[in-house]
Amino acid sequence: LVFSVEHPAAGYRKIFDSVEELNEAIPAEVIGTIPSWLGGSVLRMGPGLFEVGGEPLNHLFDGQALIHKFDLKDGGVTYHRRFLRSDAYVRAMTENRVVITEFGTAAFPDPCKNVFSRFFTYFKGIEVTDNCSVNIYTIGEDFYAVTESNYITKVDPDSLETLKKVDLCKYLSVNGVTAHPHTDTDGTVYNIGNCFGKNMSLAYNIVKIPPAQKDKSEPLEKSKVLVQLPSSERLKPSYIHSFGMTDNYFVFVEQPVKINLFKFLSAWAFTGATYMDCFESNYSMGTWFHLATKDPPDYLNSHRFRTSAFNIFHHINTYEDQGFIVVDLCTWKGHEFVYNYLYLANLRQEWEEVKKAAVNAPQPEVRRYVLPLDVHRVEQGKNLVSLSYTTATAVLHPDGTVWLEPEVLFSGPRLAFEFPQINYSQRSGKKYSFAYGLGLNHFIPDRIVKLNVQSKETLTWQEDECYPSEPMFVAKPGIVLIDGVLLSVVVKPGAQRPAFLLILDAVDLKEIARAEVDAIVPVTLHGMYRHPRTEQNNQDTS
Ligand SMILES: CCCCCCCCCCCCCCCC(=O)OC/C=C(C)/C=C/C=C(C)/C=C/C1=C(C)CCCC1(C)C
Ligand SMILES: [Fe+2]
């Protein structure tokens with residue numbers, strides 16, 4: 001029954017429609033009672049403008065970045081949104097054309113320039129996009145909207161004004177970093193990015209940005225590359241969307257989706273190709289797992305962990321247990337790039353067509369991989385994983401590689417458990433029980449799922465004609481680990497008030513409240529919960 005939800009009215013199309021920003025926050029109508037301890041704001045990023053100058057943007061990740069904010073205070077809720085004033089947005093508005101190439105849409109040539117000056121414009125090099133539509137997080141006390149390029153954008157989390165474009169290349173030797181950093185309890189930020197070094201040498205660099213500084217100096221000024229991981233292929237680094245971190249280790253999964261740097265650095269500048277045109281699959285490498293220690297930072301090159309090919313975007317959680325590293329992942333089987341299926345034209349099709357397209361796409365599966373930390377030559381051919389609670393295996397082969405087989409934690413035909421969240425502040429890097437995710441039915445987000453990663457039991461929230469977003473876990477203040485709520489922005493196109501902030505009890509996924517707004521909210525990708533400001537932290541930031 002759970003798998004057979006159908007969408008004949010294709011209401012999901014509404015989440016891919018352009019909207020206007022708001023001049024000021026609008027009030028929401030609250031149904032139910034918002035817990036008295038739940039204040040603060042929900043900040044989320046996503047695309048909000050899907051065409052420029054009458055021309056469509058092609059890919060889900062191309063729409064111009066819109067910052068959304070739901071403020072919760074004294075049981076009431078307001079909603080506000082503003083477009084990020086990125087160069088990509090401002091120049092598109094000014095010139096009424098796509099000026100900066102997006103993930104799947106090439107910039108339009110300036111119609112005022114003749115063919116010769118256009119040629120020389122191209123020679124000036126590639127203008128990398130600053131369309132920070134993927135996530136928002138803090139560095140020190142500042143809030144940054146981010147994508148995966150070298151540009152991050154400082155924003156005011158109260159007014160949603162754009163403050164400053166920051167080029168990470170000024171501080172760090174990286175070409176970009178992921179939109180999914182890890183943050184320690186003291187506020188230290190860790191991230192990973194591709195680095196195309198001198199002589200075309202390639203590496204993945206793990207970077208560290210310290211927390212807010214006592215002398216109020218910029219934490220980015222003190223950021224550094226911690227450790228360098230090698231690329232399996234020269235000129236073709238793998239695409240990275242997230243990574244794992246435990247108390248003592250970093251885990252990087254090198255997938256067979258590759259960036260062809262030759263295409264990226266040459267053809268792209270001349271032919272008006274897009275980022276999407278620079279990806280290719282490696283049919284033979286499978287998937288490699290890399291480990292590095294945090295302190296002292298060091299790449300562990302003694303073991304080479306391998307498994308069959310899959311796409312990986314989101315790590316769920318990673319932890320150490322009895323000499324093993326447990327790595328839980330949202331995978332997509334095979335080497336074909338899942339982003340090939342995320343063109344807006346596909347996502348906006350009639351339901352029957354959407355279903356047909358998803359049949360040929362890589363299939364989703366939540367998997368647990370277990371990496372033994374202690375591997376000896378004599379142990380060839382036998383399963384090295386002795387953790388009592390998992391069927392995942394690791395076998396040392398004569399060539400010195402350790403072949404991993406996963407335990408499947410969740411699998412449904414064309415039903416993905418994606419955009420995973422955990423009780424991050426209390427369980428990140430630690431053994432845990434629950435993951436919360438967005439259920440993608442043939443790529444259409446139509447349910448919220450809670451997964452018990454130990455028992456594999458699931459709970460589901462869904463409602464007719466409703467399209468939710470990534471559920472964010474907010475822990476109830478206190479010491480009880482399982483208490484908390486899930487917050488998700490849900491779009492219900494036919495309703496009188498067509499979107500709402502949904503508040504679910506994270507224990508049983510029962511609805512606690514919803515705050516309905518008189519506005520459609522386009523698809524959001526990721527975001528953060530900002531705790532209410534107390535007298536104490538008001539003083540801290542002043
Ligand atoms: C929320 C519901 C969505 C509905 C459909 C979704 C289906 C999703 C199925 C799979 C999971 C996908 C996860 C998606 C994650 C995501 O948010 O991705 C966004 C990523 C973006 C916008 C990446 C931008 C990357 C850029 C600009 C990279 C640029 C570069 C290179 C490609 C090479 C090196 C240089 C540089 C400039 C860094
Ligand atoms: Fe993501």
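Whatever order the structure lists them in is the order used to number ligands and atoms, beginning at 1.
Interface atoms of ligand 1 facing Val128, defined by a heavy-atom separation under 4.0 Å, are 37 (C). Those atoms of ligand 1 with a heavy atom of Phe196 less than 4.0 angstrom away are 34 (C). With ligand atoms numbered from 1 in the order given, ligand 1 contributes 11 (C) to contacts under 4.0 Å with heavy atoms of Glu418. Per-residue contacts place Leu342 under 4.0 angstrom from the following atoms of ligand 1 (heavy atoms of the residue considered): 7 (C), 8 (C). Taking a cut-off of under 4.0 Å to the non-hydrogen atoms of Leu440, the atoms of ligand 1 that pass are 7 (C), 8 (C), 9 (C). If you number the atoms of ligand 1 from 1 as listed, the ones under 4.0 Å from a heavy atom of Thr147 come out as 22 (C), 24 (C). Counting the atoms of ligand 1 from 1 in the order shown, those under 4.0 Å from a heavy atom of Thr129 are 27 (C). Taking a cut-off of under 4.0 Å to the non-hydrogen atoms of Glu148, the atoms of ligand 1 that pass are 20 (C), 23 (C), 24 (C), 25 (C), 38 (C).
Rounding to 10 degrees, one finds that the Fe ion (ligand 2) sits at the corner of an angle of 110° between His180 NE2 and His314 NE2.
Between His182 and His315, the distance from one ring center to the other does not fall under 6.0 angstrom.
Salt bridge status for Glu218 with Lys154: absent, with no side-chain N to carboxylate O gap under 4.0 Å.
Minimum-distance N/O/S atom of His241 relative to the Fe ion (ligand 2): NE2.
At a 4.0 Å heavy-atom cut-off, ligand 1 does not touch Ile444 at all. Heavy atoms of Val523 found under 4.0 angstrom from ligand 1 belong exclusively to the side chain. Contacts between His241 and ligand 1, counted as non-hydrogen atom pairs separated by less than 4.0 Å, involve the side chain only.
Between Tyr339 and His59, the angle of the ring planes lies from 30° to 60°, which puts this pair in the tilted group.
Distance NZ/Lys258 to CD/Glu280: 9.5 Å, rounded to 0.5 Å.
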